[in-house]
Amino acid sequence: MKTYFFLTLAIVHSTLTMDEEVSLELTVDQVSGTDFESSMTINGVVYQSICDCSSPKYTEEVGIKCAPSTITLTQEKEGEGATIEQIEEKLANSDFPFVSALKSSFRCIDGRITEQSLGALGGDLGEFALALLVYEDMIGKRLDKKQVKLYLNEYIEWMEQDYFYWCLDDEACDYVESEIGVEGLDFTDPRDDLESEMLNLLVNPSGIGDLHLKNLLKHSELYSARPEAVQYLIRSYYELLWDKSNSINQYIALEILPGSHNETAWLEIKSVQECFTLQVAPLVTPREGSKTELSVFVHHYDGVLIKRNSISLFFAEKIAKQQDGITTERFVNRMNHHGNLFLDTTGEIIAGNLPFYTANFEN
Ligand SMILES: *[C@@H]1O[C@H](CO)[C@@H](O)[C@H](O)[C@H]1NC(C)=O
């Protein structure tokens, strides 16, 4: 059996700066096993490339229905950083397993991640923060710490994925350690007598390694967000992670990202309607291996929409119990609306000078 895997990449006209169309094409005739070699033409110049394309981890049926045959790479915004050829080369040398967006965790938008992942602003915690803010807005009341912790606990019990994810980084850990004056703190299971001091530091922007919630707390007015609600959520997250008497701590993941940032582009991941219907999204690696490799911010635009449908169902049915006119549909519309504001705001703050690309997985 022959499998065809075509990657076609093209720049569309950028409204401001591009007046000449550049077209990149990569076609692959035959795939044998999981590797293939191909040639690629960029503005008439032929390049050789090799691709390791192992089959998606998701079920075969989904793989067939939602297999991308084309990736259209579009430059949305110019900037200082990775060129479209570099991004194209990165994509041409990757494989993209499709996974269930409902049964997978979303990790932070961070170019230091070196595994195939799905990316959302603030990872799972960031999307939950967005939902809390939308919920407060819809009921017209401020939530207190106890409610926030209860909702988070219930959500973690209810969610379909194995882990509820958030990230820290070396810099934030160093800040907390130097403020406390203790080196080598255990952030997933600290000493009881240090917990409350650590919590006060971990809700401070300097103690946050996730660029999204860090900036949201620093500039809450730009996000139209109530910072107290987000701080309640961060506290609740750590309290649940550290509470060994509550068995849900085993479903909470904290990733500590090493080293410093070196992202040179923003890459938005979109896919065809079939993938959306099947609730799957392709995994993408923000940085292949070592620190000197190309590092990009990867955000799964369509994958996040799938996850929001599920978070909205949770809030409408489990929390609001369909009261106050809260339906899943209204909730998800609000989440998407406010989520787009978050995306623009964080994108501008953390990647304002970088080029923005969209990789669209198509048939
Ligand atoms: C940053 O990334 C570039 C490649 O995009 C690499 O050449 C450079 O060595 C990296 N810098 C550091 C400090 O790792």
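Atoms within a ligand are numbered from 1 in the order they appear, just like the ligands themselves.
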Asn262 N/O to ligand 1 N/O under 3.5 Å: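 Yes, since at least one N or O of Asn262 sits under 3.5 Å from an N or O of ligand 1.
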When the aromatic ring centroids of Tyr165 and Phe106 are compared, is their separation below 6.0 Å?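 No.
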Side-chain ion pair, Arg112 and Glu255, N-O less than 4.0 Å: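 The answer is no: the pair does not qualify as a salt bridge.
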In terms of side-chain geometry, is the basic nitrogen of Glu115 or Arg107 positioned less than 4.0 Å from the acidic oxygen of its partner?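 A salt bridge is present here (some side-chain N lies under 4.0 Å from a carboxylate O).
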Looking at Tyr301, I'd like to know if the NZ or CZ of Lys270 sits under 6.0 Å from its six-membered ring centre while staying within 45 degrees of the ring's axis.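 The answer is yes; both the distance and angle limits are met.
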Could you find the nearest protein heavy atom to atom 14 (O) of ligand 1 and give me its residue, atom name and distance?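 Of every protein heavy atom, Lys291 O, 3.3 Å lies nearest to atom 14 (O) of ligand 1.
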Tell me, which protein residue and heavy-atom name are nearest atom 4 (C) of ligand 1, and how many Å apart are they?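 In this structure, atom 4 (C) of ligand 1 has Thr292 O, 3.5 Å as its nearest protein heavy atom.
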